[in-house]
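Encoded as structure tokens, the structure appears first; notes follow it.
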Amino acid sequence: MKLTEWFKLESLHISSSPLLLSVIGIFVLLVTSFVRILLKLYKGKSFHRDDFNSLALDPLDFRSFKLIEKAIVTPNVRLFRFAASHPEQLVNVPLGKHIYAKAWINGKEVRRPYNPINKPNQVGYFDILVKIYPAPYGLFSRYLDSLEIGDCVEFRGPKGKFEYKRNMKKRLGMIAGGTGITPMFQLIDAILNDPLERTQISLIYANHTEQDIIFRNKLESLASQFPTRLKLYFVLNQPPSSWSQGVGFINEKHIQHHLGYASSSIMILVCGPPAMTKAMMILLNKLGYKGEDIFKF
Ligand SMILES: Cc1cc2nc3c(=O)[nH]c(=O)nc-3n(C[C@H](O)[C@H](O)[C@H](O)COP(=O)(O)OP(=O)(O)OC[C@H]3O[C@@H](n4cnc5c(N)ncnc54)[C@H](O)[C@@H]3O)c2cc1C
């Protein structure tokens, strides 16, 4: 039982006796002081532990990270590189987990989650890929875009329910839209470059225009390096006239043809705008995918 619940029960019980009330009061004071001392000791101890200091991020406390690089990926997508406070610190973000960024914008504290795209053993820095929304939207992304090299942002993490284990499925079927590519790219890059991995990956990636396809070169070069392990299918709703891949929004035929029907050997990962992920769930259910066959980032 929680201490607070226990106290509530006791205070109801003692309301009729002033002596018992003062005894309980002293007891409460002693217990809270003791707990406070214990917490202080624990914090002090953990702060000096080597493993604590060797990790860049803390899941509970926000830490400050300096922006050291900024790159334009597509007209409205930027890549930001943030340095850990020590170059040898491990950036402790497992595959598919996200971190929270925090800043004060127009006098208000604003927090947003982002998926770092680095391999899980990244040391010294991490990269986030961010879509910059135009005003009046994009409170946080426009703030990030306005930062100068050397400015600092606070982050904490990792967070998230996705747990990846090496070779946990024979195949991963990925469906991404826009910046929903971030967790997929991180997984693809890490899995294909891991010599102990055998997982095959099929990615269906939706965007508006050809220009909007994030990491197209990197994805295509990985697909030609690992032709039996990575299959790509791009879907555009504003395609150029010469376009030979998917047109419109991702539909049942695209999924059936590129990912197939549900089976015990495949897991589907979905990441994109809420309307897209909702539509994908309906299509996936039609193809037999249920509950644990699908993970929505
Ligand atoms: C687990 C998780 C991981 C994420 N990882 C990433 C990541 O790696 N990269 C990334 O870029 N984002 C990521 N996001 C989204 C990110 O957290 C922010 O939501 C995003 O950056 C937008 O925040 P913002 O403050 O810039 O925009 P906000 O001020 O919150 O505005 C954005 C909102 O405006 C809406 N909007 C934009 N344009 C229009 C329009 N014309 N008409 C109507 N509505 C419009 C959008 O639909 C969106 O909901 C992630 C989200 C989650 C939940």
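Atoms within each ligand, like the ligands themselves, are counted from 1 in listed order.
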Subject >> Flag, side chain of H257 to backbone of H254, donor-acceptor distance under 3.5 Å >> reply: no

Subject >> Proximal protein residues to ligand 1, non-hydrogen atoms under 4.0 angstrom >> reply: H98, R112, P113, Y114, N115, L129, V130, K131, Y133, Y137, G138, L139, F140, S141, T179, T182

Subject >> Minimum-distance pair of heavy atoms, taken over all atoms of S221 and S224 >> reply: O-OG, 3.1 Å

Original post:
Do NZ/NE/NH1/NH2 and the carboxylate oxygens of K119 and D189 come within less than 4.0 Å?
Top reply: yes

Original post:
Among side-chain atoms of T209 and Q211, is any donor-acceptor pair under 3.5 angstrom?
Top reply: no

**OP:** Compute whether any side-chain donor of one residue and acceptor of the other, for H208 and N237, lie under 3.5 angstrom apart.
**Re:** yes

**OP:** Could you list all the side chain to side chain donor-acceptor pair (under 3.5 Å) pairs where at least one residue sits in residues 167-184, not counting sequence neighbours?
**Re:** R171-S202

